[in-house]
Amino acid sequence: MKLIRFALAFSLTLSAGMAMAEEVRVYNWSDYIDEELLKKFEDETGVKLIYDVFDSNDVLETKLLAGSSGYDVVVPSASFLQRQIQAGVFQPLDQEKLPNSKNLWDLIKQRTAPYDPDNAYSVNYMWGTTGIGVNVDKVREALGDDAPIDSLELVFNPKYMEKLAACGVHFLDASAEMIPAALTYIGEDPKTQDTDIIAKTEPVLMAVRPYVTKFHSSEYINALANGDICVAFGYSGDILQARDRADEAENGVTIAYNAPKEGAVMWFDQMAIPADAPNPDAAHKFLNFMMDPENMAAASNYVYYANGNLASQEFLEEDVITDTAIYPNEETLKSLYTTIAWVPRTQRYVTRLWTKIKSGT
Amino acid sequence: MNLRRLILIAIPYLWLLLFFLIPFGIVLKISLSETAIAIPPYTPTLDLSAGWQGFTAYLSELDFDNFSFLAEDDLYWKAFLSSLTISVVSTLLTLAVGFPIAYGMANAPEEWRPSLMVLVILPFWTSFLIRVYAWMGILSQGGLLNQFLIWTGLIDTPLTILNTNTAVYIGIVYTYLPFMVLPIYATLEKLDNSLLEAAEDLGCSRIQAFWLVTAPLSRPGVIAGCFLVFIPVLGEFVIPSLLGGSGTLMIGKVLWEEFFTNRDWPVASAVAVVLLLILIIPITLFQRNQQAQREADE
């Protein structure tokens, strides 16, 4: 599936013709855009678009920190963006070239401001929550009808995980998501920088680790949709895409997503322009294009993530705007929390802990 | 005349300098620095404009902290050991599968041999990554293998093979098999059949003749094949990360994590330096063996 899409994006960029002088290189998450939009951008602006994908913030960050990545637009998550701004990776946006920024949603701008003060370097692309995706029938089969599918209990209590192991469980391979979730589960502050407190998550994660089939940040979309696994702790939109693919395939798999009731991480993916972007002008054009309400709505309708564009909401399909798994209601919105980047010492401790947990040593 | 000779000798050394020593020097340099939030993400960086003084100041800031960190943390030793175990086991497995194939090829009618050879090389025509992905499709819970086994009635519930060490071994044996088969085949093909006839004339059974004649004479091929498999498997990253599960600990993965997840280029470089030092031992042994072989041939 991904391959086909990739090939499609590739041929799109090829067929766009060699005559166009201006080009823009965009590096975004995998399965994260409606490819029609890429073509539309080329048709409208005459700028050749080269679209490339990654599936973890780590890969993106390493490319950015190595310098001269060659990309004009990149889409890191906000907590990573914060550190990258410190490292001098990005250039401030030229607001004059972004007339469509009037469409943005103040609520989201406020929430991203702690990462990027005044939103000077970035524009929100999508935002969502991190939570639990389940194959409803298989989980009921394993745990009975009262399975706590909306609670962190499901993934952090060995009592449940033991029974789920047989049908397969995926965890995100992202300590920045899993550690805060485990902290929430044991009732600690998910934003803590204190390594002694973070250490308390080790026994919790170690206890369920034997039942985790795989730590991976994108494979669970297909695995859930195919029925290969029954539980995934992952990103909201990815799980909803899995739900959609299963529906399309009519393979009898029913997927449901829930943000854990104990509180869920709210994350933001931000479009930004690297300081050494070869073509910042075209990059601004791309950002402005994406901030067009209809374009942004098309992207959300395709990927099932909420966006930070208020004006786009009238163009959203009914099943997107009314789905509380995508656009949470006021109450849930309050229970969502944001995380910030760890200081280097804590970061080192966390990654080491994460490696230890993943390998079980 | 002398100049020509000098150039001839200089070329391999230049190659070694450009593609081994200089990159190694860069890695070693990074392994002695510290991480920082910057581009590139380590400090200090060498500022050539500051001249000699800048260079000495730079040198004084380097230290071996990252190496002592590796020694303190048992993760790295466990990963090295586990990689070593996986490499040894999969080398032996590849040998067990590869030798009979090479033996069969060498004993096949002469006109078949070229086509058999092509068949062994044929998988290389497809990208290595795609072949590993294909294994994911075969080994997964709803994959071809499980469907087949359930169809035959051998099992009722699908086996969990993907994301385990078993899958890693299958992937490695499959991928590296040609590297084992080809050198063994090369030695077996050169084997003088009259030696076997002589052994049998002198009262050896066929099995005895195999152990007394074929096995020792194929030794160089076996050793070459084993090294060709063992060395790349030790640092293998793609196969364990695609087919392996969370319990598969290999140094290639640890290296990747240090570099990408931790953004700790210095520690990642230190791991790479240690890995290289460990690899030098089998490579030197291999070289010695080759040389001894060459001398024996003369």
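Per chain, numbering begins at 1; letters A, B, ... match sequence-line order.
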[X] versus chain B, heavy atoms under 4.5 Å apart: side chain, backbone, both or neither?
X        : result
A/Tyr349 : neither
A/Val212 : backbone
A/Val89  : both
A/Leu60  : neither

Please identify, among B/Thr35, B/Thr248, B/Asp73, the residue contributing the most non-hydrogen atom pairs under 4.5 Å to chain A.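 Highest number of pairs under 4.5 Å: B/Asp73.
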
Among B/Phe259, B/Phe69, B/Trp256, who wins on heavy-atom pairs under 4.5 Å with chain A? B/Phe69

Just to verify, which of A/Val75, A/Asp116, A/Val74 counts as forming a side chain to side chain contact (heavy atoms under 4.5 Å, CB included) with A/Ser122? A/Asp116

Out of A/Tyr115, A/Trp267, A/Trp342, which one pairs with A/Ser79 under the side chain to side chain contact (heavy atoms under 4.5 Å, CB included) rule?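 It is A/Tyr115; the other options fail the test.
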
Checking B/Met136 against chain A: side chain, backbone, both or neither under 4.5 Å from a heavy atom? side chain

In terms of heavy-atom proximity below 4.5 Å to chain A, should B/Thr164 be classed as side chain, backbone, both, or neither?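 Looking at B/Thr164, nothing touches chain A.
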
Top contributor to chain B interface from A/Lys214, A/His216, A/Gln347 [non-hydrogen pairs under 4.5 Å]: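 Top option by heavy-atom pairs under 4.5 Å: A/Lys214.
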
Pick from A/Ile229, A/Asn57, A/Thr213: which one has the most heavy-atom pairs with chain B under 4.5 Å? A/Thr213

Show the nearest heavy-atom pair for residues A/Ala277 and A/Ile273, with the distance to one decimal.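 It is CB-CG2, 3.8 Å.
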
Is it true that A/Ser217 and A/Asp173 share a donor-acceptor pair across their side chains at a distance under 3.5 Å? no

Measure from NZ or CZ of A/Arg25 to the centre of the six-membered ring of A/Tyr27 and say whether it is under 6.0 Å with the direction within 45° of the ring axis. no

CD on B/Glu236 to CD1 on B/Ile86, rounded to 0.5 Å: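 It comes to 10.5 Å.
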
Show your working on ring-ring contact (aromatic ring centres under 6.0 Å, His included) between A/Phe171 and A/Tyr211 and close with a plain yes or no. CA-CA 10 Å; A/Phe171 274 14; A/Tyr211 312 119; over 10 Å; no

